[in-house]
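Chain identifiers are assigned alphabetically (A, B, ...) following the order of the sequence lines, protein sequences preceding nucleic acid strands; residue numbering begins at 1 within each chain.
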Amino acid sequence: MKLHELTIHELQQKLRSGETTAVDLVESVIGRIDEVEDKTRSYITVLRNSAREEAFRADEEIRQGKGGPLTGIPVALKDIVCTKGVRTTCGSKILHDFIPPYDATVVERLRGAGALFIGKTNMDEFAMGSSTETSYFGVTRNPWDLERIPGGSSGGSATAVAADECIASLGSDTGGSIRQPAALCGVVGMKPTYGRVSRYGLVAFASSLDQIGPFTKDVEDCAIMMNVIAGYDPRESTSVTVDVPDYTGYLTRGVEGRTVGIPKEYFIAGIDHEVESAVRQAIAVLEGLGARCIDISLPHTDYCLAVYYIVAPSEASSNLARYDGVKYGYRSQENRELMEMYKKTRSEGFGAEVKRRIMLGTYALSSGYYDAYYKKASQVRSLIKRDFDEAFKTCDAIVTPTSPTPAFKVGERTDDPLQMYLSDIFTISANLAGIPGISVPCGYTKNGLPIGVQFLASHFEEGKLLQVAHAYEKSSGVKKRRPNL
Amino acid sequence: MKITKEEVEYVAHLARLEFSGTETEKFTSQLNDILLYMEKLNQVNTDGVEPLTRAAALSNAFREDRALPSLPHDLSLANAPDRKANSFRVPKVIE
């Protein structure tokens with residue numbers, strides 16, 4: 001095995017024992033980036049020089065017996081997470097030259113744990129998309145089939161892990177933007193409970209739904225990353241003071257006697273039959289491990305997509321009002337008059353999908369339509385959350401497919417926004433209800449495309465989620481494959 | 001039709017966006033499709049249901065009213081597309 005192919009927990013051991021060094025590790029990862037990056041296009045910015053310097057310092061720390069759980073580990077960040085002094089674009093022309101004056105809380109936490117930053121990954125513009133095709137910086141490709149999309153919006157963070165261009169990464173998930181690309185690229189991706197990870201320094205898309213989470217090569221690494229990034233942040237008013245347990249302590253607890261709910265609304269017509277059979281197989285594995293699998297119902301599932309595409313664009317239209325060409329970012333050259341400057345700046349600076357969502361949100365919030373759209377959607381959102389509250393009275397976790405289909409072709413859905421939105425049909429509900437979810441690889445199609453299974457748990461039950469996911473992963477019988485690049 | 005071309009133009013103004021004629025037509029048709037899809041929410045009886053506008057069941061987060069260090073001037077202005085001395089420069093607003 002090459003160093004860049006290893007997991008965090010494998011590398012922790014090798015680094016501590018002196019079997020390898022952080023400098024060797026970072027060179028291995030940089031070599032891999034040089035080898036495959038022109039195929040995957042995972043990154044908007046690669047931080048070769050600073051990563052090398054940080055690796056040198058990491059080795060120094062290890063020699064002195066200091067260092068944290070991630071010392072020397074090369075981590076990639078979705079380009080929506082602010083990094084002091086390092087360009088943060090959000091995949092948009094309007095922020096193409098934005099250099100944040102501060103670090104996001106997650107960046108501070110990762111650095112505090114010893115991680116080094118290898119680059120900023122590509123994403124759908126402002127995280128609006130399910131395929132990483134709307135970035136101003138070009139399309140990211142799925143390492144398993146370069147003709148296909150990697151999922152989105154955190155596509156670059158998923159491909160960077162899948163193609164071994166980093167050891168782990170962070171993404172953000174507003175309607176499935178971590179879990180769906182994780183499933184489509186064959187890696188592990190978790191969206192934590194709303195409020196579990198600080199959003200300070202995360203460029204806002206839809207503030208009541210956004211949450212930062214990790215992409216990793218296995219479930220154990222996910223627990224290690226969660227240990228570092230979870231926790232209260234006084235700078236973020238929706239961050240919560242609930243204690244953070246040691247998530248690695250849940251990994252070996254097994255699922256015997258645990259109850260897993262199977263919601264009938266998630267096994268519907270239109271779901272790819274290979275995806276369905278792989279997820280059914282995963283359920284059988286859990287039963288074989290002693291979990292009790294029961295049928296449950298989440299009656300308002302069918303309304304999640306409509307609720308989401310009112311709530312998220314409404315919040316986005318408000319959040320994105322700040323891009324006015326005054327304080328930072330792109331400004332149109334045609335700006336003789338203030339209103340003209342605003343309109344030209346925003347029309348030239350935003351791409352089509354972002355404009356579509358700003359329009360939708362502005363319309364839904366506009367006078368005369370607010371009750372019919374935003375208020376109605378927020379009421380149905382209440383019912384969706386209530387469905388989950390009821391379900392978790394009878395089960396510890398819920399199992400569903402992560403995405404209704406494997407990765408689709410580049411360009412296949414770009415002209416049909418509704419068809420694109422349907423990619424998120426199984427992941428949106430967790431954001432609306434604020435609960436945590438994880439996607440774990442559960443097999444491959446006959447054409448060799450990865451398939452993911454999603455586990456959901458109640459608020460702040462990330463531990464339970466990792467417990468189920470790890471038990472499944474250990475006994476899944478799914479052989480670890482690597483994309484052939 | 002859920003939304004007309006004229007409404008799209010009005011909403012664009014509210015959102016400080018502008019479109020060409022063909023763009024407006026494309027947006028009108030796409031927004032119509034999306035809004036028609038949203039109609040399905042009317043099937044749900046929401047009488048007496050409180051709207052859920054945040055995912056965390058929290059009360060307001062208060063802290064002591066104490067001044068903390070803020071971003072220095074030069075850093076605040078560092079990304080400005082146009083600046084003059086210690087200010088952001090914009091086109092003339094008042095005649």
Side-chain angles (χ1 to χ4, degrees), chain A residues 97-99 101-102 194-195 208-209 234 237-238 240 300 302-303 305-307 309-310 317 321 324-331 335-344 346-347 350 355-356 358-360 362-363 366 373 375-383 385 417-418 431-434 459, chain B residues 2-3 7-8 10-20 23 26-28 30-31 33-58 60-63 68 71-72 74-83 88-93:
Chain A
D97 60 355
F98 175 61
I99 298 181
Y102 61 89
Y194 183 79
S208 81
L209 304 163
S237 65
T238 60
V240 295
H300 295 89
D302 193 30
Y303 303 106
L305 198 66
V307 169
Y309 278 98
I310 291 169
S317 75
D324 57 3
V326 175
K327 301 173 292 301
Y328 44 77
Y330 174 81
R331 179 190 288 193
N335 57 35
R336 287 173 300 276
E337 186 257 322
L338 193 66
M339 183 63 88
E340 183 190 22
M341 184 196 87
Y342 289 152
K343 287 188 176 178
K344 296 276 187 217
R346 291 165 61 78
S347 299
F350 291 132
K355 287 181 203 170
R356 190 152 42 235
I358 290 175
M359 289 290 290
L360 196 54
T362 306
Y363 177 76
S366 66
Y373 290 103
K375 188 179 170 207
K376 181 77 182 179
S378 301
Q379 286 174 311
V380 180
R381 186 179 176 186
S382 260
L383 299 174
K385 180 173 177 289
L418 261 179
N431 301 80
L432 293 173
H459 296 86
Chain B
K2 296 292 295 179
I3 186 168
E7 281 179 297
V8 167
Y10 174 64
V11 172
H13 168 71
L14 292 178
R16 302 295 183 258
L17 290 169
E18 59 185 17
F19 302 116
S20 69
E23 275 180 316
K26 196 173 172 187
F27 269 111
T28 309
Q30 286 176 337
L31 290 176
D33 288 349
I34 296 167
L35 292 170
L36 279 172
Y37 179 80
M38 305 305 187
E39 292 266 279
K40 73 193 298 175
L41 291 183
N42 295 327
Q43 301 162 2
V44 188
N45 181 356
T46 51
D47 292 348
V49 177
E50 274 296 306
L52 179 78
T53 51
R54 53 185 174 192
L58 284 176
N60 259 336
F62 292 111
R63 66 165 174 81
L68 297 170
L71 214 53
D74 55 333
L75 268 183
S76 305
L77 287 157
N79 281 287
D82 194 3
R83 62 184 280 193
F88 298 105
R89 196 155 78 156
V90 294
K92 198 170 177 183
V93 185

Asks: Determine the minimum heavy-atom distance between A/K376 and B/V44, stating which atoms define it.
Replies: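 Reported closest heavy-atom pair: NZ-O, 2.8 Å.
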
Asks: If every non-hydrogen atom of A/R331 is compared with every non-hydrogen atom of B/P81, which pair is closest and at what distance?
Replies: CB-CB, 3.7 Å

Asks: Where does B/V93 contact chain A at under 4.5 Å (heavy atoms): side chain, backbone, both or neither?
Replies: side chain

Asks: With rounding to the nearest 0.5 angstrom, report the CZ to CE distance, B/F19 to A/M359.
Replies: 4.5 Å

Asks: If you count heavy-atom pairs within less than 4.5 Å of chain A, which of B/P91, B/S76, B/P72 leads?
Replies: B/P91

Asks: Check whether B/L71 gets within reach of chain A through its side chain, its backbone, both or neither, counting any heavy atom under 4.5 Å.
Replies: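 Looking at B/L71, just its side chain touches chain A.
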
Asks: Please classify the contact between A/I310 and chain B as side chain, backbone, both or neither, with a heavy-atom cut-off of under 4.5 Å.
Replies: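 Its backbone and side chain both get close to chain B.
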
Asks: Just how far is it from atom CG of A/L338 to atom CZ of B/R16, taken to the nearest 0.5 Å?
Replies: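 Rounded to the nearest 0.5 Å, the CG-CZ separation comes out at 9.0 Å.
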
Asks: Need one label for B/E7: side chain, backbone, both or neither, based on atoms under 4.5 Å from any heavy atom in chain A.
Replies: side chain

Asks: Measure distances from B/Y10 to the heavy atoms of chain A and classify the residue's part below 4.5 Å as side chain, backbone, both or neither.
Replies: neither

Asks: Taking all atoms of both residues into account, what is the closest heavy-atom pair of A/V326 and B/F88, and its distance?
Replies: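 So the minimum-distance heavy-atom pair works out to O-CD2, 3.4 Å.
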
Asks: With a 4.5 angstrom heavy-atom cut-off, could you sort out which part of A/A377 is near chain B: side chain, backbone, both or neither?
Replies: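 Contact with chain B is through both the backbone and side chain of A/A377.
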
Asks: Counting only N and O atoms by type, is there a donor-acceptor contact under 3.5 Å from the side chain of A/S382 to the main-chain atoms of B/E50?
Replies: yes

Asks: For the atom pair OH (A/Y309) and CG (B/L35), what is the distance rounded to the nearest 0.5 Å?
Replies: 14.0 Å

Asks: Most heavy-atom pairs under 4.5 angstrom with chain B, which of A/Y363, A/Y342, A/Y102?
Replies: A/Y363

Asks: Nearest 0.5 Å, what's the CG-CG distance between A/L383 and B/N45?
Replies: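 A/L383 CG to B/N45 CG: 9.0 Å, rounded to 0.5 Å.
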
Asks: Is the shortest distance from a Lys or Arg side-chain nitrogen in B/E18 or A/R346 to a carboxylate oxygen in the other one below 4.0 Å?
Replies: no

Asks: Does A/R336 form a side chain to side chain contact (heavy atoms under 4.5 Å, CB included) with B/K92? I'd like the steps, not just the answer.
Replies: CA-CA 8 Å; A/R336 287 173 300 276; B/K92 198 170 177 183; over 6 Å; no

Asks: Measuring heavy-atom distances to chain B, does A/S317 have an atom under 4.5 Å in its side chain, in its backbone, in both, or in neither?
Replies: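 For A/S317, there is no contact with chain B at all, as no heavy atom is under 4.5 Å.
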
Asks: To the nearest 0.5 Å, how far apart are NZ in B/K26 and CZ in A/R356?
Replies: 7.0 Å

Asks: Out of A/E340, A/K375, A/M339, A/M341, return the one with the most heavy atom pairs under 4.5 angstrom to chain B.
Replies: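 Looking at each of A/E340, A/K375, A/M339, A/M341 in turn, A/M339 comes out on top.
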
Asks: Locate the shortest heavy-atom distance separating B/L52 from A/K385; write the atom from each residue and the value.
Replies: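 Minimum heavy-atom contact is CD2-CD, 3.8 Å.
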
Asks: Which of the residues B/L77, B/D33, B/V90, B/L68 is involved in the greatest number of heavy-atom pairs with chain A at under 4.5 angstrom?
Replies: B/V90

Asks: Side chain from CB out, backbone as N, CA, C, O: work out which of these in B/R89 comes under 4.5 Å of a heavy atom of chain A, or both, or neither.
Replies: backbone

Asks: Given a strict heavy-atom distance threshold of 4.5 Å, which part of B/A15 is in contact with chain A: side chain, backbone, both, or neither?
Replies: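 It is both, since atoms from each part get that close.
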
Asks: Which answer fits B/Q30, side chain, backbone, both or neither, if we ask what part of it has an atom under 4.5 Å from a heavy atom of chain A?
Replies: side chain

Asks: Inspect the contact between B/K40 and A/D302 and indicate whether a charged nitrogen and a carboxylate oxygen are less than 4.0 angstrom apart.
Replies: yes

Asks: If we define contacts as heavy-atom pairs under 4.5 Å, which of B/L14, B/I34, B/L75, B/V49 has the most with chain A?
Replies: B/V49

Asks: Please name the pair of heavy atoms, one in A/S208 and one in B/T53, separated by the smallest distance, quoted to 0.1 Å.
Replies: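 Where A/S208 meets B/T53 most closely, the heavy atoms are CB-O, 3.6 Å.
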
Asks: Select one option (side chain, backbone, both, neither) describing which atoms of B/L41 are under 4.5 Å from chain A's heavy atoms.
Replies: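 Both parts, heavy atoms under 4.5 Å.
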
Asks: For chain B, find which of A/D97, A/L305, A/V307 contributes the most heavy-atom pairs closer than 4.5 angstrom.
Replies: A/L305

Asks: Verify, without hydrogens or angle tests, whether B/N79 (side chain) and A/I99 (backbone) share a donor-acceptor contact under 3.5 angstrom.
Replies: yes

